[in-house]
There are 2 protein chains.
Amino acid sequence: MSQRPTLQTVARAAGVSTATVSQVIRGSGRISEETRKRVLRAVKQVNYVPDGRASAMRSGQFREIGLLIHEIANPFNAEVISGVSDHLENEGYLVSVLDSRDDPVRQRRHLETLIGSARGGLLWVPAQEGSEEVERLILAQRVPTVTFLRRPHSRAFDHVGIENREATRQATAHLADLGHRHIAFFGGDKDVESRLDRIEGCRAVLAERGLPPPVVWPCPDSKRAGLEHLGRLLQAHPRVTALVCNGDMVALGALQALLRSGRQAGSDLSVIGFDDIQDAALAMPPLTTMSVQPYQLGRRLARTLVERIREPGLPPASVAVPATLVRRESCGPPKTQKG
Amino acid sequence: MSQRPTLQTVARAAGVSTATVSQVIRGSGRISEETRKRVLRAVKQVNYVPDGRASAMRSGQFREIGLLIHEIANPFNAEVISGVSDHLENEGYLVSVLDSRDDPVRQRRHLETLIGSARGGLLWVPAQEGSEEVERLILAQRVPTVTFLRRPHSRAFDHVGIENREATRQATAHLADLGHRHIAFFGGDKDVESRLDRIEGCRAVLAERGLPPPVVWPCPDSKRAGLEHLGRLLQAHPRVTALVCNGDMVALGALQALLRSGRQAGSDLSVIGFDDIQDAALAMPPLTTMSVQPYQLGRRLARTLVERIREPGLPPASVAVPATLVRRESCGPPKTQKG
DNA sequence: ATAGATTGGTATAACGTTATATCAACTGTC
DNA sequence: GACAGTTGATATAACGTTATACCAATCTAT
């Protein structure tokens, strides 16, 4: 029963040393054309595939990247991940994606696994809680790390975030320009920093224009939650005519709720989303939203990590990418306009 | 500048040998309570995390699983992956998910990466083309492998599939029972084996009941494609009153198309999906579909792989999981019934 | 013809672990 | 107080690579 082929297997088949085979495979060193061909033939013949683990260990070149995020299934995150994978795979890295579910215990376990196996680099969305203690761990291992979406405590990491405040400023201004006076901020879990920034942007614009402060209504960032909570929100605050949403998923849920109750998004209620996931453009009606281009965001994230890997000495950098208003059909002037 | 901590670092800090540290960490061998505590303190102090790579290489115990699939972004696949990850992570494995995009070149490249780095096991949906040649590669490495959804050429792999034919039999029978006579099979790429099986099931029921054979209308398995193709299908075949869809995504697209043109799914056109992704229940109207419980399917897949890893000697097994009809609101009797 | 450079390859040690063998220091037994 | 048995630790080799040093053979220039 033959074992899996190693350099030894190939070397014996080609009648050369393992060092020679290694050089042929990596294209380094000085090898005659003749032996090169002979070795490559042997590689094919025995179905040899290099052991990345051993190679990484010896050479110190790690090609495995870990991505730890709070919710894989969320479509926004999925699109980001897709961008990350595309870019890193093209650069020859292997990406392992793990889901912390925003649970500190799971986060710690996954992080230890990644640090132990994916020493090439780390892309990390810190969980809502218990992230401070694990930062020490990452720092001690000197794994190139880029955090994103949520800020860690330590400033030693590169970070890619979103211009949350400015984004909701634009969104709210757009609704106010349309004539809306009673605006709600809809969705998101209570203490998430990015959400608080978004609420801030919304509140600021309303204050500047002398309009009443937003009704703030938290709920999970899912379509189902948006669908279920919209009715309650409108019942509690019947004067609200427009929604700034914390994410496209709750916005899409709100759209569904309107559809089910026979109301028209865009006239009965204006809805503006956040993220611009693919489904936003396909909804009924197509969703006006603050686009952060999640796929492109993912690619940018990947680029940032690759640069960090190449230049470990550079001081940590932090960027915030802007969101742009994409006008579709879920917003319009309020139906009944009272002085 | 301190390097990342290794067994050496811990050993020096605790004043013992590396062998001792290793034994303490793995809980093997005979170690006094006193040294055990001393070592654990040192581990904490230097923030040591074991190198999974080196450990795996020496012990031959691989804890990294590769998952290669034709499209990660597809929600059905995403739910399957979620089930796989949950189960395998609980068993202490690290899962790397790669996307072949149904492209033979990408598939081969990814497969070599996985074989080289994720020697613990492989979960694989063979790409539409070019899969035969890479099977040799996998076989030669003796990596425990389970294929799913699509059958490979070799019968040497474990396989988990779906009872496609029986599923569309049920779906079609349901529509026929409601009184539909002109039924279309909607969606899916042309030569995919599973789709052909599904069409077969549909065709068989119609033949048994003396009804005309289904209109078969291929299109990509996406919401956008479903949305765009429905109009063309109905224009070309105006007598069609019901759709058996190749997946929930095209079905959801069809629902959107109806919504946009002011028609009622369930009365103007009956639509039955396939998969039962989470959005199916949230659609307008909620989608009747053949449920294969994607999350559970993923867990089952993971279990199958774990069993294969534990018992490498067992002969390869193949299972087909059944789909069950979930009645929601997108199906009803046809509007105009002609003899 | 001979020193020096070039070409084509090999031997060897190391990466961070763990399995195996080994060993010194105690125990208890008769 | 000599013997086996137990306890608690260590030295060493190996996993599959690759970086380094090295060497023999051939070539170039004087």
Side-chain angles (χ1 to χ4, degrees), chain A residues 3-39 42-43 46-64 112-113 115-120 140-143, chain B residues 3-39 42-43 46-64 112-113 115-120 140-143:
Chain A
Q3 274 307 304
R4 52 193 267 279
T6 76
L7 275 187
Q8 271 290 350
T9 326
V10 181
R12 266 197 280 270
V16 296
S17 73
T18 58
T20 304
V21 178
S22 175
Q23 291 189 70
V24 168
I25 286 169
R26 301 197 322 284
S28 77
R30 292 165 303 198
I31 303 290
S32 73
E33 192 50 30
E34 195 198 355
T35 27
R36 213 181 69 85
K37 275 186 184 147
R38 198 144 43 92
V39 167
V43 165
V46 303
N47 286 308
Y48 172 73
V49 176
D51 184 328
R53 204 182 332 263
S55 164
M57 198 166 90
R58 174 62 240 246
S59 69
Q61 298 272 15
F62 305 109
R63 308 222 57 98
E64 291 169 336
E112 294 200 355
T113 312
I115 290 172
S117 294
R119 292 207 114 105
Q141 312 300 321
R142 323 204 156 267
V143 183
Chain B
Q3 274 307 304
R4 52 193 265 279
T6 75
L7 276 187
Q8 270 290 350
T9 325
V10 181
R12 267 198 280 268
V16 295
S17 73
T18 59
T20 304
V21 179
S22 175
Q23 291 188 72
V24 168
I25 286 169
R26 301 196 322 285
S28 77
R30 292 167 303 199
I31 303 289
S32 72
E33 193 50 31
E34 194 198 354
T35 27
R36 214 181 68 84
K37 274 186 185 148
R38 197 144 43 92
V39 167
V43 164
V46 304
N47 286 307
Y48 172 74
V49 176
D51 184 330
R53 205 182 332 265
S55 164
M57 198 166 87
R58 174 63 239 249
S59 68
Q61 297 272 14
F62 305 110
R63 308 222 58 98
E64 291 168 336
E112 294 200 356
T113 312
I115 290 173
S117 294
R119 293 208 113 104
Q141 313 298 323
R142 322 200 159 271
V143 182

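Chain letters run A, B, ... following the sequence lines, proteins first and then strands; every chain starts at 1.
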For R26(A) and S22(A), test the side chains for any donor-to-acceptor distance below 3.5 angstrom and give the result as yes or no.
yes
Whole-Å distance, I115(A) CD1 to dG16(C) P, equals 16 Å
Closest to side chain of S55(B), choosing from dA9(D), dG9(C), dT18(C):
dT18(C)
Any side-chain to backbone donor/acceptor pair from T35(B) onto I31(B)? Under 3.5 Å, distance only.
no
Heavy-atom count check: over 12 atoms from other residues, nucleotides or ligands less than 6.0 Å from E33(B) CD?
yes
What is the distance from CG of D51(A) to C1' of dA14(D), rounded to the nearest Å?
14 Å
Report yes or no: does R119(A) contribute a side-chain atom to a donor-acceptor pair with the main-chain N or O of F62(A) at less than 3.5 Å?
no
In whole angstroms, how far is the P atom of dG8(D) from the NZ atom of K37(B)?
14 Å
In terms of the nearest nucleotide of DNA chain C, which residue is placed more toward the 5' end: Q23(B) or Q23(A)?
Q23(A)
Would you indicate which nucleotide in dA19(C), dT17(D), dA11(C) comes nearest to any side-chain atom of A19(B)?
dA19(C)
On the nucleotide dT6(C), are OP1 or OP2 found under 4.0 Å from the side-chain N or O atoms that R30(A) carries?
no
Out of dG16(D), dA11(D), dT17(C), which nucleotide sits closest to the side chain of S17(B)?
dA11(D)
Is any side-chain heavy atom of R4(B) closer than 4.5 Å to one of V49(B)?
no
Atom OH of Y48(A) and atom C1' of dT17(D) are separated, to the nearest Å, by 7 Å
Would you classify T35(A) as touching base, sugar-phosphate or nothing, given that sugar-phosphate means primed atoms plus P, OP1 and OP2, and contacts are heavy atoms under 4.0 Å?
sugar-phosphate
Please work out if F62(B) contacts a base, only the sugar-phosphate, or nothing of the nucleic acid, heavy-atom cut-off 4.0 Å.
nothing
From CD1 of I25(B) across to C1' of dT18(C) the rounded distance in Å is 11 Å
Base, sugar-phosphate, or nothing for R53(A), non-hydrogen atoms under 4.0 angstrom?
nothing
R36(B) CZ to dA9(D) P: how many Å, rounded?
12 Å
Does L7(B) reach a base, just sugar-phosphate, or nothing at all? Heavy atoms under 4.0 Å.
base
When you compare the side chains of E64(A) and S117(B), does any donor N or O come within less than 3.5 Å of an acceptor on the partner?
yes
Establish whether the base of dT18(C) is bridged to the side chain of R58(B) by a donor-acceptor pair shorter than 3.5 Å.
yes
To the nearest Å, how far apart are R63(A) CZ and dT18(D) P?
13 Å
For R142(B) and dG16(D), give me the distance from atom CZ to atom P, rounded to whole Å.
14 Å
Strictly below 4.0 Å: does S32(B) bring a side-chain N or O up to OP1 or OP2 of dA9(D)?
yes
Short side-chain N/O contact from T18(B) to OP1 or OP2 of dT18(C), under 4.0 Å
no
Residue pair M57(A)/S28(A) against DNA chain D: nearer the 5' end by closest nucleotide is M57(A)
dT18(D), OP1 or OP2 - any side-chain N/O from S59(A) closer than 4.0 Å?
no
Checking all strands, does S22(A) fall into the base, sugar-phosphate, or nothing category for heavy-atom contacts under 4.0 angstrom?
base
On DNA chain D, more 5' by nearest nucleotide between T20(B) and P5(A) is T20(B)
Assign Q8(A) to base, sugar-phosphate, or nothing according to its heavy-atom contacts below 4.0 angstrom with the strands shown.
nothing
